[in-house]
Amino acid sequence: MNANLQIKSFEEYKEKYAKSIEDPAGFWGEIAEEFVWQKKWDTVVEWNFDEPKIEWFKGAKLNITENALDRHLEKRGNKIALIWEPNDPKENVIRFTYQELHNRVCQFANGLKAKGIQKGDRVCIYMPMIPELMIAVLACARIGAIHSVIFAGFSATAVADRVNDAQAKMIITADGLNRGAKQIPLKRVIDEALELCTSVETVIVHDCLGWMPTMVEDRDCWWHDVVKDQSIVCPAEPMDAEDMLFILYTSGSTGKPKGVVHTCGGYMVYTAYTFQNVYQYEASDIYWCTADIGWITGHSYIVYGPLLSGATTVMFEGIPTYPDPGRFWQIIDKHSVTQFLTAPTAIRSLMAFGEDHVLSYSLDSLKVLGTVGEPINEEAWKWYYLHVGKERCPITDNWWQTETGGIMISGIGNLSPMKPTYAGYPMPGIHPVLLDQEGKEIQEANVEGYLCIKAPWPSMLRTTYGDHERCRINYFSHYKGYYFTGDGAKRDEDGMYRIIGRIDDVINVSGHRFGTAEIENAINTNSHVIESAVVGYPHPVKGQSIYAFVVMDGAVEDEAMSKGEIVETVVAEIGKIALPEKIQFVTGLPKTRSGKIMRRILRKVAEGDTSNLGDTSTLLDPLVVDEIVANAL
Ligand code: WT7
């Protein structure tokens, strides 16, 4: 933790913010001085949003693990870096000091090298939430291999898509994982995925459950064999500030998930800076983020941000409701957690079990709360504030995206004013604007617009892996000169932002992001499906849920059976996390004369609001709407 990075009052925030917008290079150059660079930069930032080309700290050399690990050893080598809490509260907690984590990362990094992994190679990681996942990520970064973590809930097909797109040379996995009372196989999924992949030469398997999966000769090896006899000394590979650090796949409004690319220097500076400010982290604090490292929140705010700040970060293997819905609160008391970050969907699911589970814990240690991943409704905000924060702790509502790398709009610890359902203020260096339909900047307060960002920030995405044009079209072509977020928002008279939600064809289910096209493609792989249209609709716990309208190749005789088959198709193509909650069989979809599906109408039907469907007379077949409305679920 570096005292020089931390803002200490709201006044200071305003000063820093003004400076950061006037003189971004001066502002970020000063912050970057607080890190270890093997060579300093020639320029702080060079950019244009047309190609786009964004370069931060050009010419500099660094290794992010030197900053996240080695830098702390002298003063904080014996400080706990990681507290790992197992799925089953009766199992042992694992604690690693900075020195121990450093040693394990170096040892595994040497193992990766021994398996032929070199700088620039892509390594996919498909693992449980165990310490080895963090070690694997950092070991890749140590030697300059590009990690691409795949959330361990994705199916074999989804894994294969990502592995193939990244042309990964290695996969790191485990036999299986613990999830509440269930155990879920992972290695088996990888074996199936690899039937569809040719780039992978090695699979490293961590023995997590003692399952003894079949090991393919010359391809599969055990983690414990890989690290055996490896030295705990491994030099940190010098990386250019703009070398790739990782790829993380995320869904967009079109096509297959895309590989968002983050680079070393800017990502390091920004995640550390935002972590220390939003959470007002102090040296003896214990910080816990409940996200999975398979998502960007886990990358930036379980692994990199906290470790770069010399923090103690908690990592939890399990789920909020196992063995009972008090599990989160029990863990907070057990480890005296001071900062706690979770998702609105988790809060809402726990609210449903009643207050008793939270009221039986003291939660005295808490200082700052966080929420992330989707808009938080007022009821959940108040419950969180009252029962978890005991009206003592500020709630920081962190708005950002996989593409932004770090928190963009949020409260700042207890320094900034709060307003339920408002994310808050832009972080220093972030220049949000709201655009109207014509792309004009909205100046008035309380008017909704498209949320865009006007200037670069250090941790923004640089490209989409293997397809730069897709990056340009997705994020930089909607409004010239702006990064387009896909979210709608408004700003009040005090300059606080409220995020309304996605305005594109992206659905956010329990904080997991899916494109409607992605789910439709999955459904359409079922041989009996002619076509389908998927929309999101509000769900009390998940935020949004998935409603699929499906046209089959003949009359549906057994609805339950056909639905079951479609569900299986989606599970096989993407994973259980993308299951449509409602499936309605229809004889046709509402289309314009040019063949475009009228999602607006389907969304209204899914929301149960069919009172005003607008003008449907121009549709190709207006009668299908009547049928859809009559049979709506
Ligand atoms: C989308 C990004 C940020 C890491 C986790 C999700 C929505 C995210 C908030 C928030 C309202 C939010 C947006 C955004 N979102 N945080 N605090 N308030 N909406 O990352 O999977 O890349 O999804 O999640 O719609 O665009 P992601």
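Computed from a predicted model, the values in this text were never measured in an experiment. When a ligand or atom number is given, it counts from 1 through the structure's own listing order. Position 1 is the first residue of the sequence, and the numbers go up from there.
With Y287 as the partner, the ring pair (Phe, Tyr, Trp, His ring centres under 6.0 Å) test is satisfied by one option alone out of F340, F275, Y281: F275.
Sorted by chain then number, the residues whose non-hydrogen atoms approach ligand 1 to under 4.0 Å are I296, T297, V372, G373, E374, P375, D397, N398, W399, W400, Q401, T402, D487, I499, R502, N508, R513.
Every residue two or more places apart in sequence or in another chain that forms a salt bridge (charged side-chain N to carboxylate O under 4.0 Å, His left out) with K14 is listed here: E11. Legend: residues meeting side chain to side chain contact (heavy atoms under 4.5 Å, CB included) with D243, ordered by chain and number and at least two apart, are K119, M239, D240, C264. Take S410 and apply the side chain to side chain donor-acceptor pair (under 3.5 Å) test, not counting sequence neighbours, and it matches N398.
The aromatic rings of W381 and Y385 lie parallel to each other, with less than 30° between the two planes, well short of the 60° mark.
Rounding to the nearest 0.5 angstrom, the gap separating the CG atom in D609 from the CZ atom in R603 is 13.0 Å.
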